[in-house]
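Okay, so here's the structure we're looking at.
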There are 2 protein chains.
Amino acid sequence: MDRDQGERDDEAPGRPTLKTLAFMTGLGVTTVSRALKDAPEIGAETRRRVQLVAKQIGYRPNRAGVRLRTGKTNVISLVLNTEREIMSFVSDIIYGVSEVIADTPYHLIVTPYSRSQDPLDPIRYLVETGSADGVIISRTQPNDPRARYMLERGIPFATHGRTDMGLVHPYHDFDNYAFAAEAVRHLAGMGRRRLALVTPPVGLTYHGHTVNGFTDALSEVGASEVPFNTVSIDHSIEQIRMRTAQVMRRQDRPDGFVSSAAAATLAVVAGIEDAGLKLGRDVDVVSKQSSELLHLFRRELLVVNENFRLAGSELARSVLGWIGGAEPGSLQSLSLPGEVVAYHRPD
Amino acid sequence: MDRDQGERDDEAPGRPTLKTLAFMTGLGVTTVSRALKDAPEIGAETRRRVQLVAKQIGYRPNRAGVRLRTGKTNVISLVLNTEREIMSFVSDIIYGVSEVIADTPYHLIVTPYSRSQDPLDPIRYLVETGSADGVIISRTQPNDPRARYMLERGIPFATHGRTDMGLVHPYHDFDNYAFAAEAVRHLAGMGRRRLALVTPPVGLTYHGHTVNGFTDALSEVGASEVPFNTVSIDHSIEQIRMRTAQVMRRQDRPDGFVSSAAAATLAVVAGIEDAGLKLGRDVDVVSKQSSELLHLFRRELLVVNENFRLAGSELARSVLGWIGGAEPGSLQSLSLPGEVVAYHRPD
DNA sequence: GTGACAAGCTGTAACGTTTCAGTATATTGG
DNA sequence: CCAATATACTGAAACGTTACAGCTTGTCAC
């Protein structure tokens with residue numbers, strides 16, 4: 001009827017809003033809002049018209065407006081430990097997540113926490129302030145307080161690594177049991193019989209998986225374990241190196257290593273060489289890596305690749321799926337390790 | 001959505017708002033709002049009282065409310081190339097930024113763009129949608145359209161690396177001229193006289209700096225350059241490796257390399273060894289690195305450290321400073337390279 | 001006693017969005 | 001012709017915050 005609000009409408013040079021669209025189309029803001037989301041009670045022609053104009057003038061909904069009204073933030077938070085995260089993990093997982101949310105309205109915020117803090121702190125902050133619609137966490141524990149907390153509050157999340165609490169939630173994990181077992185079998189196949197394991201950080205779920213795969217395969221192939229559990233991949237390069245050198249100077253030294261991370265592997269190799277031994281002759285090492293660098297380091301190294309970018313994508317897909325109403329139980333994935341790969345000289 | 005409980009006037013079990021505080025203190029929301037920001041027209045006692053209650057019940061301003069009303073997002077965006085960024089750069093710079101914004105209301109969002117896109121795209125998006133109060137960009141060019149664009153729109157930003165457009169803006173940079181020059185001097189001091197440079201990506205500002213430092217020092221010490229400009233650190237490991245092997249098989253091969261990135265250095269060393277030559281005997285390599293790994297790789301490597309975490313902190317400080325009203329010209333910093341460091345065996 | 005003024009507080013409006021509760025018109029059935 | 005119903009649209013209110021323009025008091029000069 002009286003759409004003639006008249007000339008008093010601001011010739012806003014700023015960003016177009018629903019009001020702008022309403023003015024341009026001669027409709028009410030409500031109609032415009034509904035037309036843009038394909039509501040059925042808007043006429044087909046009107047709908048097309050509004051959407052056309054919106055596209056033409058490059059309308060983008062104001063995030064603050066939506067967020068204030070609906071509580072939806074359109075934000076996914078990636079929670080990271082500032083000291084202990086594997087370097088390539090950070091980079092790759094961010095890109096993996098980015099890939100997936102690229103054509104969605106979602107933004108990715110990085111929420112860091114430091115060694116000194118309770119890992120629950122950043123989660124509490126996110127939940128209490130309602131800063132994200134979904135959360136991705138790493139360094140998952142069998143009984144993870146963060147997962148429990150978010151499950152209680154009903155906030156969608158996905159974990160990198162599994163929990164073991166009898167609770168169901170989305171996750172993505174690399175099959176570290178299979179990795180460790182395969183590594184042992186490979187070493188055994190090369191005649192190695194006394195194996196040491198450079199474990200993941202104690203307390204994380206995949207520590208257990210890795211250890212189990214390792215020991216199960218050991219007994220399967222009839223090899224034995226050389227205890228090496230005073231360090232993990234969380235320890236410093238220097239600590240791992242020293243400990244390796246130490247164990248390699250004993251006469252009951254290992255003739256094979258399985259290492260859960262590339263950086264630790266560098267330290268192990270350095271330690272081996274500190275003890276005057278030679279990789280490939282006195283000892284073999286199978287290592288996980290997330291970028292193709294270990295073969296450049298020492299061509300004798302045996303590697304298994306873990307794709308963190310894929311992990312990021314899967315985790316993002318899971319969280320978005322949960323936000324979108326899918327069953328958490330259907331948003332779990334496990335990535336199987338490839339073969340142990342040895343170096344082939346390009347020629 | 002479902003309506004919550006009917007009796008929701010001020011007994012709201014949800015997050016406290018200004019209204020909650022107003023009710024609890026018996027004041028108006030305006031007064032509460034002003035009291036929380038230490039406005040002078042609020043009585044000292046009232047101010048203290050309000051702040052006490054706010055702290056007690058854990059009041060946190062609603063970001064969407066603030067953002068809608070004021071346009072302030074309290075967001076810093078870090079814009080990254082998903083394909084070409086150095087891996088440790090991503091991880092370290094994020095942590096550096098995080099450190100600085102940890103006790104501010106700011107959140108960090110990561111805005112990625114891919115190879116195929118115009119680098120200006122993500123910037124345009126951020127500016128047009130008003131998604132951030134400040135932006136950090138890397139891979140800076142002498143004449144950088146992104147910096148120009150943001151300068152025109154008056155949006156605070158900082159660049160990792162300098163521009164050369166006669167325009168003033170905050171930046172943080174590593175002195176790559178000094179690095180390259182020092183590397184050349186060091187190699188010359190070891191008797192190396194035919195040097196090759198593994199350059200930064202052509203087109204980026206620090207490519208020029210590095211090349212200049214390299215050539216200036218060459219003539220200073222009277223050494224000569226072996227052209228190696230068909231690859232840069234942006235090229236794949238395989239490409240750099242092949243090209244290195246190629247050049248090392250010629251009889252006028254270099255006896256020294258200066259490398260601008262650790263990953264490229266791995267490739268160079270592999271190429272050297274492909275050609276049947278030995279690092280430290282036939283050729284020496286000085287490389288930049290951002291994490292302490294190269295010495296583990298080959299102890300003969302000579303390294304100069306670049307601290308990306310520091311860069312992240314500086315960049316964050318700069319952007320926040322500009323947002324806070326400081327002079328852009330006062331927010332520039334240059335990080336000087338340390339000495340070239342050779343490996344010392346721990347014993 | 002009056003007017004001026006400051007101190008301290010308050011209500012209203014607005015930011016852009018979605019939801020609720022309509023309204024106006026056309027269509028149908030009887 | 002009337003009522004019932006469906007279709008297509010609309011204004012007002014609300015989310016939480018801040019800015020603006022007020023409103024009370026009390027004090028002080030004269």
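Remember, predicted model here, so these are calculated numbers, not experimental data. All values below come from the heavy atoms of this structure, side chains included, with hydrogens, waters and symmetry mates left out. Residue numbers start from 1 in every chain, and the chains themselves are labelled A, B, ... in the order their sequence lines are given, proteins ahead of strands.
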Sugar-phosphate only, base, or nothing, as touched by G65(A) at under 4.0 Å among non-hydrogen atoms: base
Touch class at under 4.0 angstrom, heavy-atom based, for G26(B) against every strand present: sugar-phosphate
Hey, is the main chain of [Y] close enough, under 3.5 Å, to the side chain of [X] for a donor-acceptor pair?
X: T159(A); Y: I137(A); answer: no
X: D133(B); Y: T73(B); answer: yes
X: T205(B); Y: G161(B); answer: no
X: S33(A); Y: V29(A); answer: no

Given DNA chain C, 5'-ward residue of the pair T17(A) and L27(B), judged by closest heavy atom: L27(B)
5' precedence on DNA chain C between R34(A) and I42(B) (nearest-nucleotide basis): I42(B)
DNA chain D: 5'-proximal contact among V29(A) and G43(A) (nearest heavy atom): G43(A)
Identified side-chain hydrogen bond (donor to acceptor under 3.5 Å, both in side chains) counterpart of S138(A) within the set H160(A), R84(A), E85(A): E85(A)
Rounding to a whole Å, what distance do you find between [X]:[atom1] and [N]:[atom2]?
X: N62(A); N: dG16(D); atom1: CG; atom2: C1'; result: 14 Å
X: L18(B); N: dT18(D); atom1: CG; atom2: C1'; result: 9 Å
X: L68(B); N: dT18(C); atom1: CG; atom2: P; result: 12 Å
X: K19(B); N: dG16(D); atom1: NZ; atom2: P; result: 7 Å
X: E41(B); N: dG22(D); atom1: CD; atom2: P; result: 16 Å
X: K72(A); N: dA14(D); atom1: NZ; atom2: P; result: 25 Å
X: N74(B); N: dG16(D); atom1: CG; atom2: P; result: 18 Å
X: R47(B); N: dA7(C); atom1: CZ; atom2: C1'; result: 12 Å

Under 4.0 Å between a side-chain N/O of [X] and OP1 or OP2 of [N], yes or no?
X: K37(B); N: dT18(D); value: yes
X: T31(A); N: dT10(D); value: yes
X: S33(A); N: dT17(C); value: no

Neighbours of DNA chain C within residues 49-60 of chain B, by heavy-atom distance under 4.0 Å: none
For E99(A), salt bridge (charged side-chain N to carboxylate O under 4.0 Å, His left out) partners two or more places apart: R309(A)
All side chain to side chain donor-acceptor pair (under 3.5 Å) counterparts of R60(A), not counting sequence neighbours: none
Per R69(A) side chain, nearest of listed nucleotides dA14(D), dT18(D), dT10(C): dA14(D)
Option from F157(B), Y149(B), W322(B) for which ring pair (Phe, Tyr, Trp, His ring centres under 6.0 Å) with H169(B) holds: F157(B)
Any N/O donor-acceptor pair, T30(B) side-chain to dA19(D) base, under 3.5 Å: yes
